[in-house]
Amino acid sequence: MIHNKKVKHLAVLSLSCAVLVGCEKAPTKSSQSAKEQVKTEANYVSEVVSYVDPLIGTKGPFNHRQAGNVTPGALVPFGMFNFGPEHAYTQDLLAESEGISKKILEEHKRVPVSPGGYNYQASRVKGFSFTRLSGTGCLGASGDIPVMPFTKDVTFSPATDPINGYYSAGFSHDNETAIPGYYQVGLDNGVNVELAATTRTGIANFRFEQAANAKLLFRTSYSQLGSGDAYAKVDREKREVTGYVTSGNFCGYLGEYNQRDYYTLHFVAKLDKTITGSGAWKDNKIVKDKDSSKGGMGYGDNGWPDIGQGSGVWVNLDLKDGETVQMRVGISYVSLENARENLKIEQSEHSFADVRKQSQQTWEEELSKVKVASSDISQLRVFYTALYHSLFHPNVFSDVNGQYTGFDQKVHTVSGTQKMQYANFSGWDVYRSQLQLVTLLDKKRGSDIAQSLFNQANQFNGIWDRWTHNAGPTGVMSGDPSTIAIANFVAFGANDFDVSGAYTSLHKAATQPTEFDLSNIGCPVFCRGQKPSLDEWKNLGYISDQSNSWEGASETLEQASSYFSLSQLAERLGKTEDAARFVDEAGYWRNIYNPAATDSLGYIQGRNDDLTWKENFDPFSGHLFVEGSPAQYLWMIPHDGAGLAKTIGGEEAMSQRLDSHFRKSDGSWVLYRDSAEFSDVSNQPSILSPWMYLHTGDAYKTQQTVRETMKQLWLDAPDGIPGQDDLGQMSSWYVFSSLGLYPKYPGRADLVLSSPQFSKAQIGNLTINAPSASGDHIYINSLEVNGTKTLNSWIDESYINKPVTLDFTLSTEPNKAFGKAVENRPPSYEPATRL
């Protein structure tokens, strides 16, 4: 299939160029076989961009919880501009989907979008937008200013075409190319589309096979989940279209708090061909020969924009058959003037080929920071695609002049040593391993992201929001991921930001309840408080079932991790009293462990504010906690694994309970989307659980479970990402796991170990050698760290500042002595606090 063969991608593009004269050909592979292109296993692979397939993770049922939700398109690492297709859905696809789409269509009179705008099962395109988020769990975000090359008459308003049956074009994956920094698709209307991008700009080639009715539709108001306002204006003499969209509404259909505007994106689009005419539409009316239009889609009464609202313009083009119109676009979240400057500085007179080449080179440099050796082409493709997806977000948010719009909706300028402001921080997801990976590859970028979060907090009354989208706090999800993120940045060597100021702010947030902490505004999904019901935390030692949070028990576990990370940051700053206090508070998770939760087993259980246990407890309910069950959350105690083992009956009992969590009684694996009694390592509450065997002394079971998870859930196919990628978090889990590493501790850079799947790898100061890593050699037989033998199943933070070499000998049989003794297990931090 095309998604499994990069050579075919390139061959298809070459064929397209042969038929559609005028498009720029992709570089072709040599005649060598794929395996011959990989040098010997003893050497690191080169030209790593050739192993990235952006279509991996784009396919899944319409039920977004079962798809990677990643988006192919043209972008550079962490780029503001993400240029790619927005898909439309036919009635047939809606009919085949799993209920959610039909419910939305019937009850809300609004056709749903796919997260990121792309779904491999779709067959029509409604435009090519300038901004997208990749792998979100919520249905849609950004997707701003989709531009559609069109070849029919505009006979009625696009706002009244709910499934884009008319204002769209079909396509086939056989005529689609997706590689890092470049996207191409041949549309059934005879237009071949090629896209490339810089950090803040994009460039498109639209080649019209039949030019008689060639036009471009600027669907200005049609962000993925609507808009509060939009404006577009055509200037025929300058051959340009300018405008803006004001939007927000992230997850807004889940609650009214986010059904609001909180960012404005300005754009300028310059064309290299004559504009012969224009028209506009607003809501249900079209006006030919008009050059401007203004009006948003709104967000409806329930977060779904109503059909029949919105605005845009179109331009008619003076082309000959087979001719290409080139569009250069600059964007800015500050002003049209800044969008123009971004375009001038980043593109200047560069050709499409120049932009594309530079984008690919940028990806090659970034991806090559992780070097691996392997002769398994499919394995390399899955790995480098996961690394690629890990480096989409957060996004550069400041312009070339340093300006950006803050959470206070005022214009700010980066200062001091900060080079760029970043946005789009999916905290609940990425604090677990994605930000650690980003920082390990570029400490300066990590520092700038950390300063960006601090800037946002300063602009938002001192509140560190848990899920930021462009210029707005959304409050989405639970816990306090920002504290963990900041502590992780520093632990991984990113300290070129105001660490002291950030700590002071986080300390205040952890100890002094705000009006938002004491309010249920936005709850449960969008709680505005950074520490919901902090008064309960201080008075009860847990968050109760009556709290201002999205379920008190899971909130308590999230906050326990947050306080542990803050203790580690305090210790680095020499604040020993704070460190002792916060590590003690990190032990509050014990206060919600009920040893008699069921007839035979104890669990983390919700608790009332009068100290009684929440009734009607079902440990296998997948909706009792945030995106997980008590059975899955039991293992989400990263800093105190030994304490957990003691609490639930000892290391043998813990190992056996983990066994029954990952396997059914017949011994078959259960790693994904079964009963909530079992693990679901496609989602955040379960991704730590395979590593918890290390605290039982059965390190070989971690090796076995991690390898099996990668084998079963991560595939070289469009459905190869098991659940939503969440802005690169799940992909980063795969990257670390492939290397035999995992950053388990909030606020520390210690790494716990599994068996690497590559014979050789290098990341940061770490060199990893495992010459027998292939096939069923999944167990660690022996390990040397810098030439010294060890049975430790973890390494400390020393690799952050000096070179460390890990030499693994792998085997088909487990060495049960590895990591068995207490002194060889990862550290655990056990305060004594209990009710």
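Treat the numbers as computed from the prediction; the structure is a model and nothing was measured.
Put simply, the side chain of Y745 gets close to the backbone of P827: a donor and an acceptor are under 3.5 Å apart. When atom types are taken as modelled, the side chain of S732 and the backbone of Q434 share a donor-acceptor pair closer than 3.5 angstrom. Counting only distance, with no hydrogens or angles, the side chain of D726 and the backbone of T136 share no donor-acceptor pair below 3.5 Å. Judged by distance alone, with hydrogens and angles left aside, the side-chain atoms of Y431 form no donor-acceptor pair with the main-chain N or O of S562 at under 3.5 Å. At least one donor-acceptor pair closer than 3.5 Å links the side chain of Q729 to the backbone N or O of S433. In terms of modelled atom types and a separation under 3.5 Å, the side chain of Y633 and the main chain of V626 share a donor-acceptor contact. Between the Q703 side chain and the Y779 main chain, no donor and acceptor come within less than 3.5 Å of each other. Between the side chain of Y542 and the backbone N or O of N608, at least one donor-acceptor pair lies under 3.5 Å. The backbone N or O of S755 sits less than 3.5 Å from a side-chain atom of R707, completing a donor-acceptor pair.
Contact between P756 and L739 at its shortest, heavy atoms only, is CB-O, 3.5 Å. When all heavy atoms of A586 and Y563 are compared, the pair lying nearest together is N-CB, 4.1 Å. V681 approaches L713 most closely through the heavy-atom pair C-CD2, 4.1 Å. Pairing each heavy atom of S689 with each of F662, the nearest pair is OG-CZ, 3.5 Å. Of all heavy-atom pairs between G552 and S547, the closest is CA-OG, 4.1 Å. Heavy atoms only, all atoms of each residue included: L534 and A510 are closest at CD1-O, 3.6 Å.
Distance CZ/F383 to OG/S731: 11.0 Å, rounded to 0.5 Å. One distance of note links CG of N683 with CG of D429; it measures 8.0 Å at 0.5 Å rounding. If you take CG on L644 and NZ on K646, they are separated by 11.5 Å, rounding to the nearest 0.5 Å. In this structure, the separation between CG on L741 and CH2 on W794 is 14.0 Å, given to the nearest 0.5 Å. Here OG of S686 is found 11.0 Å from CH2 of W635. Values are rounded to the nearest 0.5 Å. A distance of 11.5 Å separates CD1 of I484 from CD1 of I486, quoted to the nearest 0.5 Å.
Within a 6.0 Å radius of CD in E652, no more than 12 heavy atoms belonging to other residues, nucleotides or ligands are found. Annotation for Q712: atom CD counts as buried by contact number, over 12 foreign heavy atoms lying within 6.0 Å. By the neighbour-count criterion of 12 heavy atoms within 6.0 Å, atom CG of D599 is sparsely surrounded, having that number or fewer from other residues, nucleotides or ligands. Around the CG atom of N616, the shell of radius 6.0 Å holds no more than 12 heavy atoms that belong to other residues, nucleotides or ligands.
Look at R825 and E651 and you find a salt bridge, because one of the NZ, NE, NH1 or NH2 atoms lies within 4.0 Å of a carboxylate O, short of that distance. Salt bridge E577/R581: absent, no basic N to carboxylate O contact under 4.0 Å. Looking at E558 and R466, no side-chain N of the basic residue comes within less than 4.0 Å of a carboxylate O on the acidic one, giving no salt bridge.
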Go through the steps to decide whether Q757 and S738 satisfy the test side-chain hydrogen bond (donor to acceptor under 3.5 Å, both in side chains), and finish with yes or no.
CA-CA 5 Å; Q757 68 170 349; S738 295; 2.9 Å; yes

Q.
Test side-chain hydrogen bond (donor to acceptor under 3.5 Å, both in side chains) on D376 and S374; report intermediate values, then the result.
A. CA-CA 6 Å; D376 187 327; S374 175; 5.5 Å; no

### Message
side-chain hydrogen bond (donor to acceptor under 3.5 Å, both in side chains), that's the test. Do D680 and S682 meet it? Break it down for me.
### Response
CA-CA 5 Å; D680 177 10; S682 73; 2.5 Å; yes

**Request:** Determine, stepwise, if the pair I800 / F492 fulfils side chain to side chain contact (heavy atoms under 4.5 Å, CB included).
**Result:** CA-CA 6 Å; I800 294 296; F492 279 79; 3.9 Å; yes

(request) In sequence, state the C-alpha distance, the side-chain angles, and the governing distance for R590 and E830, and then conclude on side chain to side chain contact (heavy atoms under 4.5 Å, CB included). (result) CA-CA 10 Å; R590 289 177 171 83; E830 290 186 70; 3.7 Å; yes

Problem - Residues S549, S533; criterion side-chain hydrogen bond (donor to acceptor under 3.5 Å, both in side chains); working and verdict - result: CA-CA 7 Å; S549 71; S533 291; 6.0 Å; no

Would you check, one step at a time, whether the test side chain to side chain contact (heavy atoms under 4.5 Å, CB included) holds for F678 with L671? CA-CA 7 Å; F678 302 104; L671 300 167; over 6 Å; no

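Residues L387 and L441 are in side-chain contact: their nearest non-hydrogen atoms beyond the backbone lie under 4.5 Å apart. Residues I637 and H695 form no side-chain contact, since every pair of their non-hydrogen atoms from C-beta on lies 4.5 Å or further apart. Between R432 and L688 there is no side-chain heavy-atom pair separated by less than 4.5 Å. For the pair Q724 and M730, the minimum side-chain heavy-atom distance is 4.5 Å or more. Using a 4.5 Å heavy-atom threshold, the side chains of M477 and E627 count as touching. L540 has its side chain within reach of D609: a pair of non-hydrogen atoms, C-beta onward, lies under 4.5 Å apart. Residues H639 and W589 meet the side-chain proximity criterion, which asks for heavy atoms closer than 4.5 Å. Here the side chains of K701 and D659 are in contact, with some heavy-atom distance below 4.5 Å.
In terms of the side chain to side chain contact (heavy atoms under 4.5 Å, CB included) criterion, residue partners of S482 (sequence neighbours excluded) are, by chain and number, F425, W464, D480. S567 pairs by the side chain to side chain contact (heavy atoms under 4.5 Å, CB included) definition with F564, F582, V583, not counting sequence neighbours. For A676, the side chain to side chain contact (heavy atoms under 4.5 Å, CB included) test picks out S629, Q632, with sequence neighbours left out. In this view, F736 satisfies the ring-ring contact (aromatic ring centres under 6.0 Å, His included) rule with no residue, not counting sequence neighbours.
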Side chains of residues 802-810: which donor-acceptor pairs under 3.5 Å do they make with residues two or more places apart or in other chains?
residue, atom, partner, partner atom, Å
D807, OD1, N769, ND2, 2.9
T809, OG1, S782, OG, 3.2

Only distances under 3.5 Å count here; give the side-chain donor-acceptor pairs of residues 815-822 to other protein atoms, sequence neighbours excluded, each with its distance to 0.1 Å.
residue, atom, partner, partner atom, Å
N815, OD1, A817, N, 3.1
N815, ND2, N781, O, 2.7
K820, NZ, D698, OD1, 3.2

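A donor atom on one side chain and an acceptor atom on the other are not found under 3.5 Å apart for E708 and Q704. A side-chain N or O of N594 and one of Q605 form a donor-acceptor pair less than 3.5 Å apart.
Seen from the ring of Y588, R607 does not count as a face-on cation partner, given the 6.0 Å and 45° thresholds.
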